[in-house]
Amino acid sequence: MDLGTFTQPVLLFGGPYSNLDAVKALKKQADSIGIQPSHIICTGDIVAYCAQPYETVEMIRNWGIHVLMGNCEESFANKTDDCGCGFEKGTSCDLLSIEWFQYANSQLIDKQRQWFAKLPRKLTLTFFDKKIQIVHGSVSSINQFLFASSDPQLFMQQTSISEADIIIAGHSGIPFSKKINNKLWHNTGAIGMPANDGSPNTWFSILSKSDEKAKIESIKLDYNYERAYAEMHLAGLKNEYANAVKTGLWPSMDVLPEEEKLLQGKTIQPHTTYY
């Protein structure tokens, strides 16, 4: 789906993860800086770890923003028996996903699943003179994990099959920007779960223009994580992901490259990239 040409700032975020408090905080921030729903894009995975899947989907839908299909939307739409996250079978991430996936499945209604099924898998837009493609995992795969230290050949492969100047992705949960193959790859991080850096804050991005260049800011989201934690306990989700909401540390690092594993607990600072 092509969204056309944009000349005003665009807010981009991923991974609401059933965290209603985070979505409310992001909407409040978007409203305060005057970014309209038509200029807001979610990279998918609305429903995952946290306690309010039904309510989070309804808020996102009523907000009227652009939403991409993530692997979670694909799985819930197709009524599969796992999240399709790309976790290796039997790993900690895979085993930990069973509880939240079953809980979310029990909360969603058919109308929401039908909406998931109609979401686009890729979005494109033109921002001034830059062609931008928004994907969930990678250009070729909805659930491919790409991190800042992932094999450069993977980025070369993915950028070579895209006509975009800038590729914006989600899925991996940690914000980063990487220039490769004369293109920019940017991950917004997620708003529903911290980025494994020891802080309960989460992340979103704003695309704007500065001195004839595209400017992408990775911005911390402050929200009521204590309430999100309490909601998980009330829902019976008294698990490692509930703890992660408060501690900012992931319960498993199976999907991470070695370099990112070594960065656990090290604070990520807001950063800006120009292209």
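- A salt bridge is defined here as a Lys NZ or Arg NE, NH1 or NH2 lying under 4.0 Å from an Asp or Glu carboxylate O, and D110 with K79 meets this definition.
- Under a hydrophobic-cluster definition in which Ile, Leu, Val, Met, Phe, Trp and Tyr are linked whenever side-chain heavy atoms come within less than 4.5 Å, directly or via other members, Y223 and V47 are assigned to the same cluster.
- Cluster annotation: F128 and L207 are assigned to the same hydrophobic cluster (Ile/Leu/Val/Met/Phe/Trp/Tyr, side-chain heavy-atom contacts under 4.5 Å, transitive).
- Q264 places no side-chain N or O within donor-acceptor distance of the main-chain N or O of L249, the cut-off being under 3.5 Å.
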* To do: Determine, stepwise, if the pair I134 / L125 fulfils side chain to side chain contact (heavy atoms under 4.5 Å, CB included).
  => CA-CA 8 Å; I134 301 102; L125 62 90; 3.8 Å; yes
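- Annotation: side chain of V57 is in contact with side chain of F116 (closest heavy-atom distance under 4.5 Å).
- Distance CG/L221 to CD/Q29: 6.0 Å, rounded to 0.5 Å.
- No side-chain donor from either of Y274 and D211 sits under 3.5 Å from a side-chain acceptor of the other.
- At least one donor-acceptor pair closer than 3.5 Å links the side chain of K178 to the backbone N or O of A148.
- The backbone N or O of T7 sits nowhere less than 3.5 Å from a side-chain atom of K209 that would complete a donor-acceptor pair.
- Here Y241 contributes atom OH and M193 contributes atom CE; the two are 7.5 Å apart, rounded to the nearest 0.5 Å.
- The closest donor-acceptor contact from the side chain of W250 to the backbone of P194 lies under 3.5 Å.
- C50 approaches V245 most closely through the heavy-atom pair SG-CG2, 4.3 Å.
- The 12-atom threshold is exceeded at NZ of K261, counting heavy atoms of other residues, nucleotides or ligands nearer than 6.0 Å.
- Closest approach of R227 and D21 over heavy atoms only: NE-OD1, 2.5 Å.
- Using a 4.5 Å heavy-atom threshold, the side chains of I166 and F127 count as separate.
- Note that the OG atom of S218 and the CZ atom of F176 stand 10.0 Å from one another [nearest 0.5 Å].
- One distance of note links CD of Q107 with CD1 of I109; it measures 11.0 Å at 0.5 Å rounding.
- Considering only heavy atoms from C-beta on, L96 stays 4.5 Å or farther from N239 through its side chain.
- Under the 3.5 Å distance criterion, the side-chain polar atoms of T202 are matched with a main-chain donor or acceptor of I191.
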* To do: Applying side chain to side chain contact (heavy atoms under 4.5 Å, CB included), run through E74 and R121 and close with a yes or a no.
  => CA-CA 9 Å; E74 182 180 55; R121 290 175 174 270; 2.5 Å; yes
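- Nearest heavy atoms, A51 versus Y103: O-OH, 2.8 Å.
- Side-chain contact of T267 with D197: a donor-acceptor pair under 3.5 Å is absent, judged by distance alone.
- Criterion: ILVMFWY side-chain heavy atoms under 4.5 Å apart, direct or through other members. Under it, F155 and L256 are not part of a common hydrophobic cluster.
- Between N19 and T56 there is no side-chain heavy-atom pair separated by less than 4.5 Å.
- Judged by distance alone, the side chains of H186 and T273 never bring a donor and an acceptor atom under 3.5 Å apart.
- The shortest distance between side-chain heavy atoms of F13 and I40 falls below 4.5 Å.
- At distances below 3.5 Å, at least one donor-acceptor pair connects side-chain atoms of S162 with backbone N or O atoms of A164.
- Considering CG of N78 and OG1 of T80, their distance stands at 6.5 Å, rounded to 0.5 Å.
- Of the candidates L12, I216, I219, T272, I219 is the only one forming a side-chain contact (heavy atoms from CB on, under 4.5 Å) with I206.
- Judged purely by atom type and a 3.5 angstrom limit, Q158 uses its side chain to pair as donor or acceptor with the backbone of V139.
- With hydrogens and angles ignored, the 3.5 Å screen pairs a side-chain donor or acceptor of D151 with a backbone N or O of Q153.
- Under a cut-off of 6.0 angstrom, the local environment of NZ in K131 is sparse, with at most 12 non-hydrogen atoms contributed by other residues, nucleotides or ligands.
- Under the side-chain contact (heavy atoms from CB on, under 4.5 Å) rule, L3 has a single partner from I132, V10, I41, which is I41.
- In this structure, the side chains of M59 and I46 stay at 4.5 Å or more apart for every pair of heavy atoms.
- The backbone N or O of T43 sits less than 3.5 Å from a side-chain atom of H136, completing a donor-acceptor pair.
- Side-chain contact between F204 and T188 is absent, with no heavy-atom pair separated by less than 4.5 Å.
- Using bins of under 30°, 30° to 60° and over 60° for the plane-to-plane angle, the ring pair F76/F101 lands in the parallel bin.
- One hydrophobic cluster, built from ILVMFWY side chains closer than 4.5 Å, cannot hold both I268 and I168; they sit in different ones.
- Distance check, rounded to the nearest 0.5 Å: CZ of R61 to CD1 of I65 gives 12.5 Å.
- In this structure a side-chain-to-backbone donor-acceptor pair under 3.5 Å is missing from T126 to T5.
- Side-chain atoms of D82 and S97, non-hydrogen and from C-beta on, never get closer than 4.5 Å to each other.
- For N182 against Y275, the heavy-atom pair with the smallest separation is O-OH, 2.6 Å.
- Note on ring orientation: taking the six-membered ring where Trp is involved, the planes of F145 and F147 are parallel (angle under 30°, cut-offs 30° and 60°).
- Taken together through direct or relayed side-chain contacts under 4.5 Å among Ile, Leu, Val, Met, Phe, Trp and Tyr, L108 and Y49 form part of one hydrophobic cluster.
- Side-chain atoms of Q112 and E58 form a donor-acceptor pair, as typed in the model, at a separation below 3.5 Å.
- When all heavy atoms of E217 and S208 are compared, the closest pair comes out as OE2-OG, 4.2 Å.
- The shortest heavy-atom contact between Y229 and N243 is CE1-OD1, 3.9 Å.
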* Quick one: do R113 and N105 satisfy side chain to side chain contact (heavy atoms under 4.5 Å, CB included)? Show the steps, please. => CA-CA 10 Å; R113 297 175 195 273; N105 247 337; 3.0 Å; yes
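- Of the candidates P16, C72, S106, S18, P53 forms a side-chain contact (heavy atoms from CB on, under 4.5 Å) with just one, namely S18.
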* Asked: Does the pair I60 and V23 meet the rule for a side chain to side chain contact (heavy atoms under 4.5 Å, CB included), with working shown?
  -> CA-CA 8 Å; I60 294 283; V23 177; 3.9 Å; yes
